[in-house]
Protein chains: 2
Amino acid sequence: MTVPGLRERKKQKTKAAIQRAALRLFKRQGYEETTVEQIAAAADISESTFFNYFPSKEDVVIYDEYDPQIFAALATGKHDEPLAKSIEKLIGALGGLFEADHDAIYERAKLSLEVPELRAHAWEELEKARDLFRSIIAARTGHPASALAVRVISTAFVGAAFEASLEWVRSGGKGNMIDLLKKAIDAIGFYGMLDRLGSKASSR
Amino acid sequence: MTVPGLRERKKQKTKAAIQRAALRLFKRQGYEETTVEQIAAAADISESTFFNYFPSKEDVVIYDEYDPQIFAALATGKHDEPLAKSIEKLIGALGGLFEADHDAIYERAKLSLEVPELRAHAWEELEKARDLFRSIIAARTGHPASALAVRVISTAFVGAAFEASLEWVRSGGKGNMIDLLKKAIDAIGFYGMLDRLGSKASSR
DNA sequence: CTAGATTTTTACAGTCGCTCTATTTATAGT
DNA sequence: ACTATAAATAGAGCGACTGTAAAAATCTAG
């Protein structure tokens with residue numbers, strides 16, 4: 001983990017600039033109505049360069065520069081507390097992130113959920129979260145990550161997160177995302193699922 | 001609901017023929033490696049005609065000629081039994097369909113779940129089921145279909161179905177889809193969710 | 001059965017996302 | 001400054017998909 005050099009930082013800046021330009025265009029004239037050529041022009045780069053930074057047009061919406069850090073943080077959670085507690089903490093931590101960059105997150109979420117093409121890929125993105133979740137639950141409960149129960153519960157969780165996001169976007173980003181998420185996992189009795197999964201999950 | 005005329009039946013036959021030709025090619029040489037031009041040639045139609053029948057290449061995998069009937073049957077379920085019972089029946093009925101056309105369903109499911117591009121759209125398809133489900137639960141429990149709890153529970157159910165399908169495909173179509181689905185909804189405590197949703201759902 | 005209306009199929013041109021290759025330009029370390 | 005390396009770009013090309021207009025098949029009336 002060495003400090004990123006000047007070169008790397010410049011790349012990150014360019015990437016962010018492309019994303020900003022793209023989101024501005026998407027907001028003004030719509031996602032489908034915006035061409036990659038236009039984005040490149042707006043960001044003052046060539047179309048080729050666009051594809052150097054983003055493998056596809058969709059990725060410019062999906063990409064979140066903080067994601068890797070979040071994922072890394074999740075993967076290295078403490079093992080000396082009940083799983084349910086860890087998850088509560090995790091939800092709280094997510095809340096902070098939402099507030100930090102509210103407007104950009106809202107715009108991206110809105111696009112991801114309202115443009116059909118993107119919505120499909122939003123689910124792919126959720127699957128990454130699901131897989132991470134799956135390995136966490138597996139590690140903590142002793143069940144194999146491949147167990148159907150573990151998979152289904154992980155999917156239920158990201159499904160709840162998905163619905164909460166939908167609700168949040170529907171509210172114009174005005175609602176409290178964390179509250180919504182809590183209500184969602186409450187409605188499916190998420191903590192009950194963990195309990196049923198095995199004593200290791202709920203006690204320690 | 002008039003009987004479909006000769007013309008309409010011919011169209012259905014053509015559509016089925018295109019799908020068969022396409023699936024054969026996909027199986028032999030892969031989805032991405034197969035071009036619409038090739039499908040058209042194999043089905044002995046022009047590329048234009050292909051797009052007359054299927055709005056996109058993906059739809060040729062997703063399309064199921066029996067879907068409309070299934071959806072219609074679901075939407076008109078009886079209202080004089082507990083919701084949980086209706087759902088159990090529904091699951092049983094699905095089992096019959098699976099056995100009836102096992103091989104074709106397996107091929108399509110395999111493609112849908114293993115080709116990334118298709119997998120994303122498989123989720124879109126699941127959302128249709130979710131919405132139908134949502135309206136059924138709402139109608140039976142008296143909750144508005146827009147209620148977060150109703151949405152989340154519906155999503156949890158299709159999520160479970162999704163995981164069960166994954167497992168089924170992983171088993172090479174050898175497993176019992178219905179058993180898997182039952183295990184999946186058991187793991188998330190699906191019937192408990194319905195109970196918590198309101199007494200109307202579980203008693204009558 | 002034929003003429004005209006309608007529907008279906010097709011050819012064709014064009015757009016857009018995306019890939020690949022080769023060339024030029026910028027940067028890093030010596 | 002010199003060279004290895006990486007980044008940006010131009011350009012050709014592919015495949016999915018759209019739109020338009022013409023050709024072929026099918027249906028309906030007289």
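Everything numeric here is computed off the predicted structure, so don't read it as measured data. Each chain gets a letter, A, B and so on, in the order its sequence line appears, and its residues count up from 1. Side chains included, hydrogens not; waters and symmetry mates left out as well; all remaining heavy atoms used.
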Check your understanding: Under the salt bridge (Lys or Arg N to Asp or Glu O under 4.0 Å) rule, what pairs show up with a residue in residues 48-59 of chain B, not counting sequence neighbours?
Key -> none
**Study point:** Pair listing, salt bridge (Lys or Arg N to Asp or Glu O under 4.0 Å) test, anchored in residues 171-185 of chain B, at least two apart
**Key:** none
Interface with DNA chain D, restricted to [range] and to heavy atoms under 4.0 Å:
{"range": "residues 15-34 of chain B", "answer": "B:Thr34"}
{"range": "residues 110-122 of chain A", "answer": "none"}
{"range": "residues 35-55 of chain A", "answer": "A:Ile45, A:Ser46, A:Ser48, A:Thr49, A:Asn52, A:Tyr53"}

Point to revise | Contact list for residues 35-45 of chain B, test side chain to side chain donor-acceptor pair (under 3.5 Å), sequence neighbours left out | key: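 Side chain to side chain donor-acceptor pair (under 3.5 Å) check on residues 35-45 of chain B returns B:Gln29-B:Gln38.
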Review point. Thinking salt bridges, do B:Lys85 and B:Glu88 make one under a 4.0 Å N-O criterion?
Key: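 Salt bridge absent between B:Lys85 and B:Glu88.
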**Study point:** Qualifying residues under salt bridge (charged side-chain N to carboxylate O under 4.0 Å, His left out), relative to A:Glu114, sequence neighbours excluded
**Key:**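 By the salt bridge (charged side-chain N to carboxylate O under 4.0 Å, His left out) rule, A:Glu114 matches A:Lys110.
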Check your understanding: Taking only residues two or more places apart in sequence or in another chain, which ones pass salt bridge (charged side-chain N to carboxylate O under 4.0 Å, His left out) with A:Arg24?
Key ->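 Residues passing salt bridge (charged side-chain N to carboxylate O under 4.0 Å, His left out) with A:Arg24: none at all.
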Practice item. If the plane angle is over 60° it's perpendicular, under 30° parallel, otherwise tilted; pick one for B:His102 and B:Tyr106. Key: parallel
Practice item. May I have the distance from B:Lys57 (atom NZ) to C:dG17 (atom P), rounded to whole angstrom? Key: 18 Å
Check your understanding: What is the distance, rounded to the nearest whole Å, between atom NZ of B:Lys11 and atom C1' of D:dC27?
Key ->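 Rounding to the nearest Å, NZ of B:Lys11 and C1' of D:dC27 are 14 Å apart.
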Working to the nearest 0.5 Å, report the span between [atom1] of [X] and [atom2] of [Y].
{"X": "A:Asn52", "Y": "A:Lys15", "atom1": "CG", "atom2": "NZ", "result": "11.0 Å"}
{"X": "A:Phe190", "Y": "A:Ile153", "atom1": "CZ", "atom2": "CD1", "result": "7.0 Å"}
{"X": "B:Ile137", "Y": "B:Leu194", "atom1": "CD1", "atom2": "CG", "result": "5.5 Å"}

Give every pair of a protein N or O atom and an N or O atom of nucleotides 22-30 of chain C that lie under 3.5 Å apart, one pair per line with the distance.
from   : atom 1 : to      : atom 2 : distance (Å)
C:dT27 : OP1    : A:Lys10 : NZ     : 3.1

Practice item. Applying ring-ring contact (aromatic ring centres under 6.0 Å, His included), name anything that partners A:Phe162, two or more places apart in sequence or on another chain. Key: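 Counting only residues at least two positions away or on another chain, A:Phe162 forms a ring-ring contact (aromatic ring centres under 6.0 Å, His included) with B:Trp123.
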Report all side-chain donor-acceptor pairs from residues 62-72 of chain B shorter than 3.5 Å, counting only partners two or more places apart or in another chain.
from    : atom 1 : to       : atom 2 : distance (Å)
B:Tyr63 : OH     : B:Gln12  : OE1    : 3.3
B:Asp64 : OD1    : B:Tyr66  : N      : 2.7
B:Asp64 : OD2    : B:Arg108 : NH1    : 3.4

Exercise for review: Return the set of residues passing side-chain contact (heavy atoms from CB on, under 4.5 Å) with A:Ala145 (not counting sequence neighbours), or none when no residue passes.
Suggested key: A:Arg134, A:Ala138
